[in-house]
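Since the structure comes first, as structure tokens, the remarks are kept for the end.
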Amino acid sequence: MGVSNTTYNSVLMINADLEEVKKFRQRIMAIETGTPTPVARIEKRAAYSEEDDFLNKTPYKPISEIRDLIEKTVCVTIGVVKDFSPGKSWWYKSCNICPLAMREVGDGYKCSRCNAESQNFTPRYSLNLKVADEESYASFIVYETVGSEYLQISAEDLRTKHILRGGNRIEFPEELSKFKNKTFLFKVSVKLENINSFQPVSITVMKLCHDEAIISSFKQKYSIDQDAFFPANSDVITLPADYSDINKE
Ligand SMILES: [Zn+2]
């Protein structure tokens with residue numbers, strides 16, 4: 001017997017002892033019985049509140065300034081998620097021990113940090129969000145901790161769900177549209193990556209805030225009053241999930 005799914009292009013021989021198969025079965029059972037595996041690790045409680053972090057502790061920079069940064073910076077910004085950046089997958093094959101991406105070696109995978117070789121991997125989020133403010137836009141990356149906390153499902157569980165529904169590698173699961181056309185405050189870590197590329201910096205989301213009251217205070221503090229551009233999240237129109245043109249390989 002053989003199956004083909006989005007992970008394996010070739011035929012995978014079903015063997016009851018295979019770790020990946022066992023794990024997959026457990027996940028299906030967990031999803032079917034409505035007891036998904038716990039989302040995200042327990043985060044250390046910050047010494048100050050989310051509100052304080054976004055409003056007082058971290059400097060604000062508009063997206064146009066973030067794009068021009070040349071040294072490593074942590075800042076907060078406001079923006080609307082317009083879409084997912086085209087041509088990028090929503091998850092990656094992570095090491096089972098650390099969050100590093102695994103390299104394919106022979107029939108398996110290898111982590112260059114742990115030096116561990118494995119026959120399987122852990123899917124984790126790498127969501128490339130196209131974020132805009134009134135003047136500029138940039139690509140922000142959301143990884144597993146932030147992504148699973150907002151979506152309330154881990155990438156691993158979402159991928160399993162997606163496969164069970166018959167979703168393929170090109171399509172994005174509809175759950176991800178929860179990001180689209182919403183205004184967020186982002187706490188980001190900005191790093192210069194490639195001076196010659198269209199976006200020279202990599203922008204990693206460390207925290208995501210969608211609390212209306214905090215967003216409202218933020219807009220007030222920085223005199224951002226373009227409500228037309230930053231819609232209130234309460235009356236968001238969710239666009240139909242049509243991802244057919246993106247993520248082509
Ligand atoms: Zn590793």
Side-chain angles (χ1 to χ4, degrees), residues 3-10 12-31 36-46 72-74 84-85 87-129 139-163 167 169 172-173 175-176 179 186-194 197 199 201-208 247 249:
V3 294
S4 185
N5 64 26
T6 62
T7 310
Y8 300 95
N9 294 322
S10 54
L12 167 76
M13 294 313 291
I14 295 290
N15 173 338
D17 291 333
L18 270 177
E19 224 14 71
E20 171 84 352
V21 174
K22 273 194 217 155
K23 232 169 137 187
F24 191 77
R25 281 192 189 137
Q26 279 163 6
R27 283 189 182 279
I28 290 170
M29 280 158 63
I31 284 169
T37 45
V39 157
R41 291 153 260 162
I42 296 162
E43 274 177 72
K44 271 188 197 161
R45 208 159 266 289
K72 199 172 186 244
T73 309
V74 171
F84 293 96
S85 303
K88 304 273 172 112
S89 179
W90 60 275
W91 63 278
Y92 69 98
K93 295 171 183 173
S94 165
C95 172
N96 299 311
I97 302 160
C98 78
L100 216 69
M102 303 266 265
R103 272 184 307 118
E104 291 189 28
V105 179
D107 318 329
Y109 304 92
K110 189 173 181 172
C111 173
S112 51
R113 187 190 291 164
C114 305
N115 234 358
E117 280 187 51
S118 176
Q119 287 300 110
N120 56 50
F121 53 81
T122 303
R124 284 186 213 264
Y125 289 117
S126 59
L127 298 161
N128 286 262
L129 307 177
S139 182
F140 288 24
I141 305 173
V142 166
Y143 288 115
E144 185 68 23
T145 307
V146 174
S148 61
E149 196 191 333
Y150 177 63
L151 296 167
Q152 288 297 298
I153 187 167
S154 68
E156 189 165 23
D157 284 347
L158 184 56
R159 182 171 160 271
T160 306
K161 227 174 151 178
H162 184 57
I163 292 168
R169 199 174 356 188
F172 275 37
E175 283 83 348
L176 298 180
F179 276 102
F186 301 88
K187 183 177 181 180
V188 293
S189 166
V190 188
K191 242 177 21 189
L192 185 65
E193 206 167 58
N194 180 356
S197 73
Q199 180 179 311
V201 288
S202 72
I203 305 165
T204 304
V205 178
M206 300 162 71
K207 266 188 199 175
L208 199 58
N247 219 27
E249 288 178 321

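Start at 1 and go down the list; that is how both ligands and their atoms are numbered.
Ring planes of F121 and W91: parallel class, angle under 30° (limits at 30 and 60°).
Considering only residues two or more places apart in sequence or on other chains, E117 meets the salt bridge (charged side-chain N to carboxylate O under 4.0 Å, His left out) condition with none of them. A search for ring pair (Phe, Tyr, Trp, His ring centres under 6.0 Å) contacts involving F179 returns Y150, not counting sequence neighbours. Listed by chain and residue number, F140, F184 satisfy the ring pair (Phe, Tyr, Trp, His ring centres under 6.0 Å) test with F186 (two or more places apart in sequence, or in another chain).
Scanning all heavy atoms of the two residues, the minimum distance from Y92 to Y143 falls at CE2-CD2, 4.2 Å. Across R124 and C98, no two heavy atoms sit closer than the pair NH2-O, 3.6 Å.
Among protein atoms, those of element N, O or S found less than 2.8 Å away from the Zn ion (ligand 1) are C95 SG, C98 SG, C111 SG, C114 SG.
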